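First listed ligand is number 1; within each ligand, the first listed atom is number 1. In this text, all values refer to a predicted model and were calculated from it rather than measured experimentally. Heavy-atom basis, side chains included; hydrogens, waters and symmetry copies ignored.
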Amino acid sequence: MTIKHPFKAIVFDFDGTLAKLNIDFLHMRRAVLDAIAGYGVPTDDLKHLFVLEMIDAGRKRISAKHILSEEEYYRKAHALISRIEIEAAKDGNLFEGTKGLLLELGKRNVKTAVVTRNCYAALAEVFPDINEYLDVIMTRDRTKYVKPHPDHLRLTLSALGVPPKDAAMVGDHPMDIKIGKDTGTWTIGVLTGYSKAEELKQVGADVILDEAADVMGILP
Ligand SMILES: [Mg+2]
């Protein structure tokens, strides 16, 4: 399916969509599991979780056992993943077409935003002049709820002043498609990151593109 929709806003995931995905999530999850295990609570059944959910699950478990350690653990775990993200960002690069795409969308009066579970410092490391290219940058440290929670995208669209039906969510992960569908936007999967076309189709992506820069091809 192809769409020719006069989008008023396009919201992008960051890693694997606008920039090369180079965070070692396996390493990050292992580091968080080790931090949780350091408080003497079991971690075996937490292994399948995404890292932010793993940190929250660890917090619950630790708070049940040692009330005084909960806040300390939570701060440590977040500092740990931010450090890994910022370190990874030092070797990160925007995709070649990213700046051109964002400039072109701006010229056409299409608003742009980023919705990411990454932290702002890591984005600024890869993309120092990011504020000149995007209208809203909704990193995890700027929102209470993160993807796949629909409020992450809902609040971003409110900040842009664009209703979901006039917006598209673009991302490389099934979670990006899911948050778009749950919020009522169009959904566009890209193949520059985490997932294969079949996985993005399976969760219902309206369109699959090789890369984010190809978004220009589906505008009217
Ligand atoms: Mg991604």
Margin query: One pair to check against side chain to side chain contact (heavy atoms under 4.5 Å, CB included): Met54 and Ile81. What are the steps and the verdict?
Written below: CA-CA 12 Å; Met54 187 185 276; Ile81 65 166; over 6 Å; no

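- With respect to Glu71 and Arg59, a salt bridge is recorded, a charged nitrogen being found less than 4.0 Å from a carboxylate O.
- Counting just the N/O/S atoms of Asp172, the one with the shortest distance to the Mg ion (ligand 1) is named OD1.
- Considering the Mg ion (ligand 1) as centre, the angle to O of Asp15 and to OD2 of Asp13 is 80° (10° rounding).
- To the nearest 0.5 Å, atom CD of residue Glu132 and atom NZ of residue Lys99 are 8.0 Å apart.
- The only member of Thr185, Leu160, Ile179 that meets side-chain contact (heavy atoms from CB on, under 4.5 Å) when paired with Val11 is Leu160.
- Note on Asp176: not counted as a metal contact of the Mg ion (ligand 1), no N/O/S atom lying under 2.8 Å.
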